[in-house]
Amino acid sequence: MANGCPMMRMKAQTDHPCFGGDHHKAGRLHLPVAPGCNIKCGFCERKFDCANESRPGVTSRVLLPDEALERVRLVRRHMEKQGEARLKVVGIAGPGDPLANEKTFATFQLVKQAFPELMLCLSTNGLLLEERLDEIVDLGVHSLTVTINALTAETGGKVYEWIRLDGRRLSGAEGAAVLLERQLAGVAAAAQAGLMVKINHVYIPGVNDHETLDLAVRVRELGATMMNIIPVIPLGLFKEIEPPSEAVMEMVRNQAELILSQARHCKQCRADAAGVVGRDIDLEALHAQAI
Ligand code: SF4
Ligand code: SF4
C-alpha cells in the first residue's frame with residue numbers, strides 16, 4: 001500500500017536526492033553488499049578498486065548485512081552531528097546486481113527494522129526484477145533504478161557479453177533478447193506496483209546511441225518517471241571508445257527531456273557512496289574514529 005499511496009510518492013520525490021529531492025539537505029548511503037552479477041556488460045570492470053575512483057561497481061570492501069547496518073548507524077550519527085544534511089536514503093547499488101544477491105534482502109530487512117523512517121532504494125539490471133518484485137514491495141522499497149542499455153537484441157548483443165539465468169549462460173543477442181524482455185516487463189510491473197522508477201542508460205556513441213530516444217519513449221509508456229543518461233566510461237570492451245563530449249550529452253539529454261524528466265545531477269556514485277551527492281564522507285576515517 002505504502003508504495004502506491006500518492007503521499008508516499010510525494011515524500012519520495014521530495015526526500016530522495018536523486019528523484020528531485022534537495023541535494024544539499026538529503027544524504028544517501030549505498031551499502032556494498034551485493035558482489036555477484038548475473039550479466040556481463042561490456043564496459044563493466046569490477047576487479048580493482050582505487051580510493052580516488054568514483055564510478056558505479058566500485059567499492060573498497062563488500063559488507064555483510066550486519067556490517068552494513070552498522071555503517072548506516074555510523075553515517076546517520078555522523079550526518080546528524082555535522083548538522084548540514086540528514087541521511088534520508090539507503091540504497092543498494094552493487095558492486096554487482098543487488099537482485100542476484102540474497103544479502104540485499106537480508107540487509108534491507110535489518111535496515112527497515114532498525115530505521116523504518118529511512119527510504120530504501122535499489123538499482124538493478126532488471127534481469128530478476130519481475131520475479132523478485134513482491135519481495136521488493138514487501139520491504140517497502142520506494143525507488144528503483146533499472147539500467148537498460150539497448151532497445152533491440154541486435155544492439156544488446158554488442159553491449160552485453162552474456163547473461164546467466166536458471167543455470168544457463170546465454171551470449172550476445174540471444175542473451176540480450178531475454179534480458180530486454182525481462183527489463184521491460186519488470187519496469188511495467190514495478191511502476192504498476194507504485195514504485196518510483198528511474199531508467200539509467202549508458203550512452204555508447206556508435207553502439208547504442210541510435211536507440212536512446214526510442215528507449216525514453218518506451219519506458220515512459222511503461223510507467224518510468226525519470227531517466228538518467230550516463231556517458232560510457234572507456235573500460236573493458238569499450239576501452240578504446242571516445243566517450244561522448246559534454247556538448248553531446250547536453251544535446252541528448254535536452255532531446256530526451258522532451259520525452260521523460262532527466263536526472264542531470266547524477267555523479268555516477270560508487271557502490272559504497274555515503275553522504276551528500278558530490279560531497280562524500282570519508283568512510284575509512286569514519287570507521288577508524290569509531291574503533
Ligand atoms: Fe557490471 Fe552492473 Fe553490468 Fe553487472 S549489471 S555487469 S555489475 S555494470
Ligand atoms: Fe544519485 Fe546518481 Fe549517485 Fe545514484 S549514482 S546516488 S542516482 S547521484
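Side-chain atoms are counted along with the backbone in the values below, which use heavy atoms only and exclude waters and symmetry mates. Counting starts at 1 for both ligands and their atoms, following the listed order.
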For T124 and D97, does a side-chain donor sit closer than 3.5 Å to a side-chain acceptor? yes
For [X], does the [atom1] atom have more than 12 heavy-atom neighbours from other residues, nucleotides or ligands under 6.0 Å away?
{"X": "E80", "atom1": "CD", "result": "yes"}
{"X": "Q192", "atom1": "CD", "result": "no"}
{"X": "D66", "atom1": "CG", "result": "yes"}

When you measure from atom 1 (Fe) of ligand 1 to the N, O or S atoms of C37, does any of those distances fall below 2.8 Å? no
Going by the atom numbers of ligand 1, which of them fall below 4.0 Å from some non-hydrogen atom of N125? 5 (S)
Per-atom filter on ligand 1: closer than 4.0 angstrom to a heavy atom of P95 are 7 (S)
Does ligand 1 have a heavy atom under 4.0 Å from the side chain of I39, from its backbone, from both, or from neither? both
Between D138 and R132, does any NZ, NE, NH1 or NH2 come within less than 4.0 Å of an OD or OE carboxylate oxygen? no
Strictly under 4.0 Å, does any heavy atom of G96 approach an atom of ligand 1? yes
